[in-house]
Structures are given as C-alpha cells and as structure tokens.
2 protein chains.
Amino acid sequence: MDHATINLDARARTLLRTLIESYIRDGQPVGSRTLARSSGLSVSAATVRNVMADLEDIGLIHSPHTSAGRIPTPAGYRLFVDSLLEVRNPSPEEVRAIQSGFDPNASTQDLMDTTSNLLSRVTRMAGMVRLPRHRNVALSQIEFLRLGEGRILAILVIDGKEVQNRVLELERDFGQDELQRMANYLNAHLAGKSLHAVRAELLREMRDVRDDLDAMMLAAIDLGEKAVGDEDPDDVVVAGQTHLLGYEELADMERLRQLLEAFNEKQEILGILDQCIRSDRVQIFIGRESGLDWFENCSVVTAPYSVDGEVVGVLGVIGPTRMSYDRVIPIVDVTARLLGSALGDPTNESR
Amino acid sequence: MDHATINLDARARTLLRTLIESYIRDGQPVGSRTLARSSGLSVSAATVRNVMADLEDIGLIHSPHTSAGRIPTPAGYRLFVDSLLEVRNPSPEEVRAIQSGFDPNASTQDLMDTTSNLLSRVTRMAGMVRLPRHRNVALSQIEFLRLGEGRILAILVIDGKEVQNRVLELERDFGQDELQRMANYLNAHLAGKSLHAVRAELLREMRDVRDDLDAMMLAAIDLGEKAVGDEDPDDVVVAGQTHLLGYEELADMERLRQLLEAFNEKQEILGILDQCIRSDRVQIFIGRESGLDWFENCSVVTAPYSVDGEVVGVLGVIGPTRMSYDRVIPIVDVTARLLGSALGDPTNESR
DNA sequence: GTCAGCGCTCCACTCGGTCGAGTGCCAGAA
DNA sequence: TTCTGGCACTCGACCGAGTGGAGCGCTGAC
C-alpha cells in the first residue's frame with residue numbers, strides 16, 4: 001500500500017484531495033465532471049475519469065454502484081489525512097470558546113468534565129478525555145480511620161487538593177490510636193514525595209529493613225503499601241454522545257446502539273485511547289483501524305496532553321469518518337495543549 | 001373526561017382493552033374484524049365498528065388515516081392502565097433474576113447501580129433509580145483533615161460503611177490538633193444519631209448554648225454544622241438508555257436525541273421522579289403527562305421504595321408508551337420492594 | 001498523454017393500476 | 001332499540017413500466 005502512495009503523481013493527488021474534500025462537504029458521491037471543474041486543474045472530465053479508474057484500482061476510492069460518483073475508501077481517507085490534508089488554523093472564536101472554558105481553579109475531575117464537554121460542543125461530535133495518570137503528583141497526606149472490625153478507611157490527599165478514599169479489609173484489627181501513629185510515621189517519611197516514589201519506597205522498605213523496625217512500623221509500612229498500592233482506577237470521561245445521532249451515515253440503529261453502549265461500558269474507549277498515549281501528536285483512527293468492528297463509519301481523532309513535558313493522558317473525539325478533519329484536528333490539538341497547561345498551571349497547584 | 005369513563009358499558013370496555021392489548025402486542029392499528037374476532041365477544045365486525053366510532057368520539061382511540069385500524073390515544077392508555085389492566089404476577093424467572101442481582105453486602109452506590117441495571121435488563125427499557133434520602137441513617141463518625149490555609153476536609157462515615165468527603169473553606173485557620181479535638185467532641189456527642197437529628201441538634205446548640213461553651217466547642221459546632229449542613233446531592237442513576245434505540249416508534253432521531261440528552265442532564269428525570277415520591281404505589285406517566293414535550297411516545301413507570309416504612313426514594317423505567325404494562329408494572333413493583341429490603345437488611349447495616 | 005463522443009448502466013422518480021384492509025352508512029332482522 | 005349483513009368508498013402498500021439524468025468505460029483522433 002505504501003509504495004502506491006508514492007506512485008501517485010501530483011495531479012492524482014490533487015484530484016483525490018479535491019474528491020475527498022468535496023465528499024466530506026456534501027456527503028454525495030462525486031462524479032468526474034464535478035471533480036474536473038472543482039479541482040482547479042484544466043483537464044477534461046474524461047481525463048479525470050481515467051485517473052479515477054486508477055485510484056479505484058489502488059483501492060483509494062470506490063463507487064457504491066455502476067455509474068454513481070466515487071467515494072473515498074478507508075485507505076483513501078488514510079492517505080488523505082496522512083499526506084494530503086492541510087489543516088486550518090483553528091478559528092479565533094473556537095480558540096476563545098475553548099480557552100474561556102477552562103477554569104484554572106477547578107478540580108481535576110471538573111477539568112476533565114469541562115474539557116470533554118468543550119470538545120463535543122465545538123466539534124459537534126462525541127468528546128472524551130482519559131484521566132491523567134498520577135505518576136508524579138505529590139502525596140500531601142495520608143490518614144487512616146477505623147470503620148469497624150478489620151475494616152479501615154485510608155484517605156490520601158494528593159497535590160493538596162485531590163482526595164481519594166480507599167477501604168482496606170485487614171486480617172488484624174487496629175485501634176484508632178495505633179492507626180494514628182502509623183499515619184504519623186508514614187506522613188513524616190513520605191509526605192511531599194510523588195505517589196510513584198512513595199510506592200517504590202514502601203516496597204523497598206518492606207524488603208530491606210524489616211529487622212530494624214518494630215512491629216508497629218512494619219505494620220505501618222504494610223498498611224501504607226496497601227493504601228497506595230492500587231493504581232488509580234482507569235477511567236475516561238465522555239460527553240456529547242448524542243451528537244452522533246445527528247449523522248445520517250450512522251443512522252443504522254443497531255450500529256448506533258453498539259456505539260452508545262461502548263460509551264457506557266467505557267472499556268473499549270479506554271483501549272483506543274491507550275493506544276494513543278505513546279504518540280506525541282495528533283493521531284487518527286479511521287473506521288475499523290482501531291480493531292473494533294462497529295467502528296465502521298466512525299473515526300477517532302486523539303491527542304495526548306502533557307504536564308511539565310510528560311504525557312499524562314489522552315483526549316479526543318469520535319465522529320463519522322466523513323468529518324472535517326481540517327477543522328477537527330487543530331481543535332483537538334489546541335484543546336490538548338490548553339488542558340495540559342491548565343493542569344500544570346501554578347495557580348492550580350498552589351491551592 | 002372522567003364521566004366518559006363511567007359511561008362506558010362492559011362491552012365497550014372489553015373492546016377497548018382487547019384493542020389496546022392487541023396494539024401493544026403487534027404495534028399495528030387494529031381493525032374491526034380482527035377486534036371482533038379476538039375480543040371473545042360474539043358480535044359482528046359492524047357492531048364493533050359502531051362501538052369504535054363511539055370510542056373515537058370520546059377521544060380514547062383514533063385512526064392514523066381513513067381506513068386504517070384504530071390505535072389508542074394517550075387518554076385511551078390512561079383509562080387502560082387505570083381500570084382495564086390486569087397485571088400479571090411477575091414470572092418466577094424474573095423474580096429470581098432480580099432477587100439474585102441484589103448483593104446484601106454491596107454499598108449503597110453499588111446497589112443503585114445494580115438496581116437500575118436490573119430494571120433495564122429485565123424490562124429491556126431504560127431503568128433509573130433515585131438515590132435514597134439519607135434522612136435517618138446514622139452518623140458513625142466525623143473527622144477533619146487540614147488541607148491547607150483555611151481549607152479543611154470533613155469526612156463523614158455513615159452507617160459504618162458509606163464515606164462522604166466535603167471540603168470546607170473557612171475564614172479562620174485551624175491546626176490539626178484543634179481539628180482533632182473538635183472531632184472528638186462532636187463524635188462523643190453525635191455518633192450514632194441520625195444525620196437529621198445531628199443537624200437539628202447542632203442548630204439548636206448553636207442558638208441556645210453559646211454562652212456556656214468555650215470558643216473551641218463553639219467552633220466545633222459551627223464546623224460540624226457546615227460539614228453536615230448540605231443536603232446530599234440530588235442524584236439519579238440511569239442505565240440501559242440504549243435499549244430505547246430499538247423501538248421503532250421512537251425512531252425519530254431528533255426526538256431520540258432529546259431523550260438521551262435528558263438522561264445525560266438528569267435534571268428532568270429527577271423532576272419526574274420527584275413527582276412520584278409522595279405516592280405509595282406504582283405510578284404511571286403516559287406521553288406528555290409528565291409535562292415534557294419530548295416525552296411523546298414515551299411512558300414512565302415508577303414505584304417508591306421504602307426502608308422501615310419510610311419512603312426514601314423512587315425507581316422506575318422509561319420506555320415506549322406502547323409497552324407491556326402488565327409485565328412492566330409488577331417488575332417495577334417487586335424491584336422497589338426488594339431494593340427497600342436490601343437497603344434495610346440487617347446484614348447490610350451490621351458491617 | 002489528452003480529449004470529445006458514444007453507448008451503456010444504474011438510480012431515483014413518477015405514474016397508473018391493483019389489491020386488501022378497513023371504514024361509514026343504511027336497510028332490514030330480532 | 002339494537003344488532004347485523006351488505007355495499008360503496010377510501011386509503012395505503014405494492015408492483016411494474018417508463019423516463020430522465022448522472023456518470024462510467026471505452027475508443028479513436030490529435
């Protein structure tokens with residue numbers, strides 16, 4: 001396939017680009033006459049037909065039936081977004097709309113919500129945001145609360161603002177005063193370090209220094225490890241799914257159901273987003289490329305967002321394959337940047 | 001309208017009932033011949049036609065066009081569910097399916113999730129559960145954690161298993177040891193009492209005894225009042241919205257969009273459910289009766305659920321007006337009962 | 001390599017006709 | 001008075017034929 005793209009001469013590329021742009025705009029198969037006229041080239045419709053026949057052989061376009069116009073195949077879209085597309089700069093209004101949506105004082109959860117809402121509102125498709133990994137956020141404080149026989153509540157305060165609760169089931173029972181002392185010990189040792197570091201340290205101490213510590217400290221370390229142990233839950237925030245009902249190419253009810261179901265389950269969405277987290281720029285999945293059958297006629301545009309140079313999450317939109325990539329891509333891109341800086345914003349960290 | 005229902009003789013009622021049952025089953029307008037045959041009455045089609053003409057005059061049925069059969073109007077459905085419907089007992093499998101879904105050890109939130117999932121799975125429509133009011137649950141414990149300058153985290157443990165976090169912004173700053181003492185004071189006074197009682201007591205103490213207490217106690221009461229003060233957030237759990245895509249009478253995309261949007265916003269759903277909380281049995285909204293335009297072609301079946309004799313919430317389903325009320329009503333009913341007892345189950349309260 | 005032209009294909013649309021379900025009404029029976 | 005059979009009529013669903021138009025592939029000329 002790849003060598004085929006190289007074989008395309010300038011004229012064929014122009015025609016393919018014009019064809020796809022036209023189809024994206026109108027949603028109608030485009031015929032040779034229209035294409036000849038709108039391409040800007042001074043060639044006749046017959047010539048265009050020849051070129052189109054070639055493109056069809058390569059598998060970039062196809063006609064739904066004899067004597068209809070041509071529409072792009074997934075491979076055609078692929079080539080289009082990879083090397084033919086000229087992305088517009090996002091319009092100033094759009095940038096402003098996105099920018100003004102970010103409240104630098106909001107909690108992380110709120111930021112995620114607004115972001116996916118913004119994405120879906122501006123693009124009129126479904127927006128989604130993968131929650132940031134908390135690898136390098138600082139543990140501010142850890143506390144334990146006895147709930148009942150062998151059940152204690154661990155409270156982690158992160159970055160001085162996020163609070164996480166975890167209920168631990170233990171075999172041994174601890175009194176509240178014991179718990180208090182263990183928390184004090186852990187806080188003294190670990191407060192201010194990143195969760196990642198905390199975890200590593202606890203594991204190391206459990207292995208190395210168990211002889212040097214009294215039973216209480218040992219229990220404290222054990223408890224701390226249990227409390228920080230679990231990764232934060234994988235999650236993704238989705239918004240604006242209902243926009244997808246508006247696109248007639250997605251009008252098949254059964255398909256649509258599966259699609260919305262996937263948004264509810266979130267599992268598959270997560271899978272897709274996680275595929276993108278290693279990339280450092282906008283990525284695009286077209287149709288079934290993501291591996292899910294029911295993504296036919298859908299495309300996904302994602303971009304990772306980073307704080308202090310480290311990628312911490314991914315966001316993106318899902319819409320019909322026939323979408324305005326030139327408009328959507330920069331929107332996703334700029335949103336990712338703005339989210340990254342909102343998360344890393346000092347005004348956000350200070351409180 | 002009401003006197004009209006009284007004017008109906010037995011035959012007309014039978015015919016209306018058969019007509020609606022038939023329409024609910026097949027989704028087709030039903031004509032006089034079919035109706036005459038399936039009603040069980042020994043009357044001719046012509047007679048049936050006369051009766052139908054009367055029913056149409058009263059506004060209980062209408063034909064979509066000349067010489068199609070008749071279909072029920074909302075008023076017809078209303079009369080049907082009010083006085084013609086014979087509800088089946090829920091089938092044993094259904095009861096078992098529902099019953100086995102309840103895990104008596106689950107947290108309230110999990111219970112809500114499973115319940116709405118159950119409702120939607122068993123009825124194949126959208127299920128929803130209004131979160132229970134916590135009016136008479138016991139406060140087990142209250143703790144405070146200093147997050148930063150003037151920001152403290154209040155942790156309420158309720159019923160020995162639910163945990164609620166609330167961040168309070170205060171004008172004055174407290175040290176952690178002060179907070180500890182205040183928590184001790186509050187726990188000593190209030191633990192074990194219902195949230196409702198706690199709140200009342202705190203308010204009373206603030207008014208009455210401020211002279212007798214030192215500043216610390218006063219601050220503690222103030223703090224406690226702030227922590228328990230807010231009502232728990234209004235919320236509703238929804239599941240299985242996607243089932244609604246399967247019903248062709250809801251196939252209008254624009255309508256469907258509004259409907260799903262409403263599920264996302266939850267506000268309107270809340271409104272509907274709250275209308276039902278005063279009732280003590282199954283309630284039904286047909287079409288626009290709930291006051292929302294876009295509920296055309298939809299009906300809502302709700303039932304309140306109670307713990308220890310007090311109604312604490314509502315659950316229900318939303319589906320097409322043309323639904324099997326005789327099957328859905330008992331399902332909703334029995335689910336409400338089972339949820340109530342799962343919430344009140346002593347095995348649930350003990351841990 | 002490009003282009004005009006021809007013949008062909010296929011879709012979308014319209015038109016007329018038929019069929020069947022169902023209605024409304026009427027006159028006669030019970 | 002109530003019921004019933006019969007009749008004329010209406011309307012939607014379906015079918016098939018016909019038509020116009022868009023668009024293709026191919027070919028022969030330049």
Side-chain angles (χ1 to χ4, degrees), chain A residues 7-16 18-73 76 248-249 251, chain B residues 7-16 18-73 76 248-249 251:
Chain A
N7 281 346
L8 286 188
D9 61 8
R11 194 176 61 183
R13 295 163 67 88
T14 309
L15 286 175
L16 179 59
T18 319
L19 186 148
I20 297 185
E21 281 168 357
S22 161
Y23 180 68
I24 285 177
R25 195 175 343 102
D26 307 331
Q28 297 295 330
V30 6
S32 53
R33 195 202 315 272
T34 335
L35 190 51
R37 227 174 280 146
S38 61
S39 69
L41 304 176
S42 45
V43 293
S44 76
T47 310
V48 170
R49 280 202 283 280
N50 289 329
V51 178
M52 284 165 106
D54 294 344
L55 292 176
E56 182 151 18
D57 286 344
I58 310 179
L60 298 177
I61 58 180
H62 88 286
S63 26
H65 55 81
T66 342
S67 128
R70 305 304 219 291
I71 63 177
T73 61
E248 64 220 69
E249 55 262 55
Chain B
N7 281 346
L8 287 187
D9 61 9
R11 193 176 61 181
R13 295 165 67 91
T14 309
L15 285 175
L16 178 60
T18 319
L19 186 148
I20 296 185
E21 280 168 356
S22 161
Y23 180 69
I24 285 178
R25 197 176 340 102
D26 308 331
Q28 298 294 332
V30 5
S32 52
R33 195 203 314 272
T34 334
L35 190 52
R37 228 173 280 147
S38 61
S39 69
L41 303 177
S42 44
V43 294
S44 77
T47 310
V48 170
R49 282 201 281 281
N50 290 329
V51 178
M52 283 165 108
D54 294 344
L55 292 176
E56 184 152 16
D57 287 343
I58 309 180
L60 297 177
I61 58 181
H62 87 284
S63 26
H65 56 83
T66 342
S67 126
R70 305 305 219 290
I71 63 179
T73 60
E248 63 219 72
E249 55 262 56

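Chain letters run A, B, ... following the sequence lines, proteins first, then strands; residues in each count from 1.
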D:dG23 OP1/OP2 closer than 4.0 Å to side-chain N/O of A:Ser32 | no
For the atom pair CD1 (B:Ile61) and OG1 (B:Thr73), what is the distance rounded to the nearest 0.5 Å?
-> 8.0 Å
May I ask you to say what A:Ala68 touches in the nucleic acid, namely base, sugar-phosphate or nothing, with a heavy-atom cut-off under 4.0 Å?
-> sugar-phosphate
Length of the line joining A:Glu56:CD and D:dG23:P, which is rounded to integer Å | 15 Å
NE2 of B:His62 versus C1' of C:dG22: gap in Å, rounded?
-> 15 Å
Would you kindly give the CG-to-P distance between A:Leu35 and D:dC24, to the nearest whole Å?
-> 9 Å
With respect to the side chain of B:Thr34, which nucleotide from C:dG22, D:dC24, D:dT4 is positioned closest?
-> C:dG22
For D:dC24, take OP1 and OP2 only and decide whether either is under 4.0 Å from a side-chain N or O of A:Arg33.
-> no
Within this structure, what is the OH-to-P distance between A:Tyr23 and D:dG23, rounded to whole angstrom?
-> 14 Å
Nearest-Å distance, CG (B:Asp54) to P (D:dT2)?
-> 11 Å
Measure from CE on B:Met52 to C1' on D:dC3 and round the result to the nearest Å.
-> 17 Å
Taking everything shown except B:Glu249 itself, do over 12 heavy atoms lie less than 6.0 Å from its CD?
-> yes
Can you check whether any acceptor in the base of C:dT23 is under 3.5 Å from a donor in the side chain of B:Ser67, or vice versa?
-> no
Examine D:dT4: is either OP1 or OP2 under 4.0 Å from a nitrogen or oxygen in the side chain of B:Thr47? Give yes or no.
-> yes
May I ask you to evaluate whether B:Thr66 reaches the phosphate of D:dT10, defined as a side-chain N or O under 4.0 Å from OP1 or OP2?
-> no
So do the side chains of A:Val51 and A:Leu55 get within less than 4.5 Å of each other, counting heavy atoms only?
-> yes
If only side-chain N and O atoms of B:Arg49 are considered, is one of them under 4.0 Å from the OP1 or OP2 phosphate oxygen of C:dC26?
-> no
Starting from P on D:dT2, measure out to CG on B:Asn50 and report it in whole angstrom.
-> 11 Å
Could you pick out which residue, A:Pro29 or B:His65, lies toward the 5' side of DNA chain D when each is mapped onto its nearest nucleotide?
-> B:His65
Contact under 4.0 Å: B:Arg70 side-chain N or O vs C:dA21 OP1/OP2 | no
Any side-chain heavy atom of A:Arg70 sitting closer than 4.5 Å to one from A:Leu35?
-> no
So do A:Leu19 and A:Met52 actually touch side chain to side chain, heavy atoms under 4.5 Å?
-> yes
For atom CD of A:Gln28 and atom C1' of C:dA12, their distance in whole Å | 12 Å
